[in-house]
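Chain letters run A, B, ... following the sequence lines, proteins first, then strands; residues in each count from 1.
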There are 2 protein chains.
Amino acid sequence: MDTRALAVFVTVADCLNFSRSSEQLHMSVSAVSRTIQRLEDELGQALLIRDKRSVRLSGAGRDFLAYARRAVDEWQQVRRQLGSATELVGEVSLYCSVTATYSVLAPILAAFRAAHPAVEIMMHTGDQADGISRVLSAQDDVAVTGRPPRLPQRLEFLPLLESPLCIWVPTADCAVRQVALGGDADSPGFDWDRLPFIVPERGITKDILDAWLRERGIRPRVYAQVAGHEAIVAMVGLGLGIGIAPQLVVRASGMADSVSPLNMANSLPPLAIGLCGLRRRLQNPLVKSLWDVAGQTYNGAV
Amino acid sequence: MDTRALAVFVTVADCLNFSRSSEQLHMSVSAVSRTIQRLEDELGQALLIRDKRSVRLSGAGRDFLAYARRAVDEWQQVRRQLGSATELVGEVSLYCSVTATYSVLAPILAAFRAAHPAVEIMMHTGDQADGISRVLSAQDDVAVTGRPPRLPQRLEFLPLLESPLCIWVPTADCAVRQVALGGDADSPGFDWDRLPFIVPERGITKDILDAWLRERGIRPRVYAQVAGHEAIVAMVGLGLGIGIAPQLVVRASGMADSVSPLNMANSLPPLAIGLCGLRRRLQNPLVKSLWDVAGQTYNGAV
DNA sequence: CCCCTATATTGCATAAATCGCAATACAGTA
DNA sequence: TACTGTATTGCGATTTATGCAATATAGGGG
């Protein structure tokens, strides 16, 4: 019998709800369900009475809960006593865009370094669009990324902040700007066809944009497919076309003066930015602590 | 962390010897070694100091041992409390020869039935030679068999009793008997060639006999290869030849008067008879309890 | 001094446990 | 009635544990 199973049982016994427990425990509902089943199997007793609309403790469950709390507690105590929990040592690998390094990560890393000076951070930067796949393929423990529309259950997402997703227009007076500001972007007659559009090559921003365009029946003239928001902003700033990027990136880019947002009534939904990691990896205390520090740093911000 | 790992640690801490622990725990040495490694890994502390010729507890190990004992104890206590250990229910499957049923198994089964009336015994009888493979292929939980010369480590063997392995000669006055008793079986000149030999088709007895014959450079005249000691005894009793079988089988066969042993100075080694089972299956409490009852029933007999 | 035994560890292949996903079942609700 | 929320289950895939064989090393004779 595994202490993890005991911890699961304690959580479920507290929530009296498998779904909520599964979230707290960073596991799937089925994993929780089976963990309890195994436990009951091993004990030859039902611990939780589930009757299709409620979960409650059985008599044996109440007795066992007392034991389980104590056992979990004593285990953690002995861990601490042996010093394994005093200081975390090891490394955590992190994937993010260059922009995220400044704007999202800086405060997290400062706090994390202060809390766990012996943990090394392996940071890999690149196109934010690759974050999810880097995490899924276990190349990195955690990535800073936008929230995917559909989150695979083995991924965990911790929202940190939101940034408006805008379509950006060059500030300099040029053909692109004149067309872009020459009409009402909300109206069906807006001249999308004459506007060179710089779109993301892949990733969440591309997915959101595609959905948004499809909804409105807009078929943009794609001027370039570019990897990385930073590059999109740069190209827009140079007057090559209009492009999509989170406001955050523009602010951090040093090109805030070279681009301005395209005003629209029904604008794009804001982008939720946060940490993304494999659930399984979150059981690793190092990854878990980075996660926790991030959550605390941005506590209540979103 | 698994309570099983704790139990392993407690055992090793008590023995201060991995090999002996592995026997007590019904696991391979490597499994024990790795269990301890995992534990140390999880705690980030060495628990046992191994310096190539001795094992002793580290400081952390001593502390942890106190915890581990308590944790194992409390776990067993809560199990008992919840009643999972009150009565065993289920079934155990058993393979043995017809003879073993009477001579070896009877007292075990009587004691086992008394101790665990709710456990059903599924008994399969057949040639004792097949016992090992039945167990290896998990067709049966446990078999009564002779001790194999080389025991695969995933098998456990519990010796119960020994029986002399003899070469049997018909009692009735016949050609076979005259030749067999007409010379000194120990002498190199003994007339093996003129004696029809009834040998086991396969199994441990065959292996032992083959080795014994090879050692002495005897090439017997094989009259028949037969499955099952009972059949060998029967054929010898009918005067068809000489044959090998444990004394136990002859005694139980009702043909004890029809056959007599061939006297030899350097006789065959006695056959160790006992229970054989997959180590893994021994962790099943039902199988374990049958094993334990057998051990107690024949306690000290061998 | 060298071979042999005893003991613990490690690479590797295999067996078992666990997990997440998708499908299912069922009760309450809009 | 369709829909939502919740728990379970079959199944494939991944992760973990195990046994075996090989390796390493020390001690004990001959």
Side-chain angles (χ1 to χ4, degrees), chain A residues 1-5 7-9 11-13 15-42 46-56 135-138 150-157 277-284, chain B residues 1-5 7-9 11-13 15-42 46-56 135-138 148 150-156 277-284:
Chain A
M1 191 280 317
D2 197 314
T3 46
R4 175 131 192 94
V8 169
F9 173 70
T11 305
V12 177
C15 298
L16 293 178
N17 177 312
F18 280 62
S19 322
R20 249 191 304 289
S21 305
S22 80
E23 288 166 26
Q24 284 188 35
L25 292 162
H26 307 305
M27 336 169 49
S28 69
V29 192
S30 68
V32 174
S33 172
R34 288 202 154 101
T35 303
I36 301 293
Q37 283 171 26
R38 273 195 297 276
L39 213 44
E40 293 180 322
D41 221 53
E42 195 167 357
L47 298 174
L48 296 165
I49 319 249
R50 294 86 109 186
D51 63 359
K52 287 292 175 199
R53 68 176 162 289
S54 75
V55 178
R56 63 186 204 279
V135 166
L136 279 174
S137 63
R150 287 174 22 86
L151 190 68
Q153 211 165 355
R154 79 186 137 150
L155 283 184
E156 190 87 3
F157 183 80
L278 275 178
R279 276 194 160 158
R280 186 179 294 276
R281 290 294 295 158
L282 270 174
Q283 289 168 214
N284 177 313
Chain B
M1 189 277 319
D2 197 316
T3 45
R4 173 129 193 97
V8 169
F9 173 70
T11 304
V12 177
C15 299
L16 294 177
N17 178 312
F18 280 61
S19 324
R20 247 191 306 289
S21 304
S22 81
E23 287 166 28
Q24 283 187 34
L25 293 161
H26 307 307
M27 333 167 49
S28 69
V29 192
S30 68
V32 174
S33 173
R34 287 198 154 103
T35 303
I36 300 293
Q37 283 170 23
R38 274 195 297 276
L39 214 44
E40 293 181 323
D41 221 51
E42 196 168 356
L47 298 174
L48 296 165
I49 320 248
R50 293 86 110 187
D51 62 358
K52 287 294 175 201
R53 67 175 162 289
S54 74
V55 178
R56 63 185 203 281
V135 166
L136 279 174
S137 63
R150 288 174 22 85
L151 191 67
Q153 211 165 355
R154 81 188 135 147
L155 282 184
E156 189 86 3
L278 276 178
R279 277 194 161 159
R280 187 180 292 277
R281 290 295 294 158
L282 271 174
Q283 288 168 213
N284 178 314

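The distance from atom CZ of B:F18 to atom P of D:dG19 is 15 Å, rounded to the nearest whole Å. Taking atom CZ of A:R50 as the reference point, atom P of C:dA27 lies 16 Å away to the nearest angstrom. As a whole-Å value, the separation of B:R281 CZ from D:dG19 P is 14 Å. Between A:M27 atom CE and D:dT14 atom C1' there is a gap of 15 Å when expressed in whole angstrom units. We find that CZ of B:R4 is positioned 15 Å from C1' of D:dT16, with the value rounded to whole Å. One can place CD of A:E23 at 13 Å from P of C:dG20, the figure rounded to the nearest angstrom. B:L155 has its CG atom 14 Å from the C1' atom of D:dT18, to the nearest Å. The CG atom of A:L39 sits 17 Å away from the P atom of D:dA7 (whole-angstrom rounding).
B:T3 places a side-chain N or O within 3.5 Å of a backbone atom of A:M1 that can act as its donor or acceptor partner. Side-chain N or O atoms of B:R279 include one that pairs as donor or acceptor with a backbone N or O of B:M27 at under 3.5 Å.
Using a 4.0 Å cut-off between charged side-chain N and carboxylate O, A:R4 and B:E42 make no salt bridge.
Close to C:dC19, at under 4.0 Å from its OP1 or OP2, lies a side-chain N or O of A:R38. Using a 4.0 Å cut-off, some side-chain N or O of B:N17 falls inside it from OP1 or OP2 of C:dA8.
The residue B:S19 sits close only to the backbone: its heavy atoms come under 4.0 Å of sugar-phosphate atoms, none of a base. Here A:R280 lies in heavy-atom contact (under 4.0 Å) with sugar-phosphate atoms only. Among the protein residues, A:V55 comes within range of the sugar-phosphate backbone only, with heavy atoms under 4.0 Å from sugar or phosphate atoms but none that close to a base.
For A:R34 against D:dG10, a side-chain-to-base donor-acceptor contact under 3.5 Å is present. Side-chain N/O atoms of B:S28 and base N/O atoms of D:dC20 include no donor-acceptor pair closer than 3.5 Å.
When each of B:L48, B:L47, B:D2 is checked for a side-chain contact (heavy atoms from CB on, under 4.5 Å) with B:L39, only B:L47 meets the rule.
Of the listed nucleotides (C:dG20, C:dT9, D:dT18), C:dT9 has the atom at the smallest distance from the side chain of B:V29. Here D:dT6 is the nucleotide among D:dT18, C:dC19, D:dT6 with the atom lying nearest to any side-chain atom of A:R20. For A:S30, the listed nucleotide lying nearest its side chain is C:dG20; candidates were D:dG19, D:dT8, C:dG20.
Between B:Q37 and A:D51, it is B:Q37 whose nearest contact on DNA chain C lies nearer the 5' terminus.
A heavy-atom distance below 4.5 Å is found between the side chains of A:I36 and A:R50.
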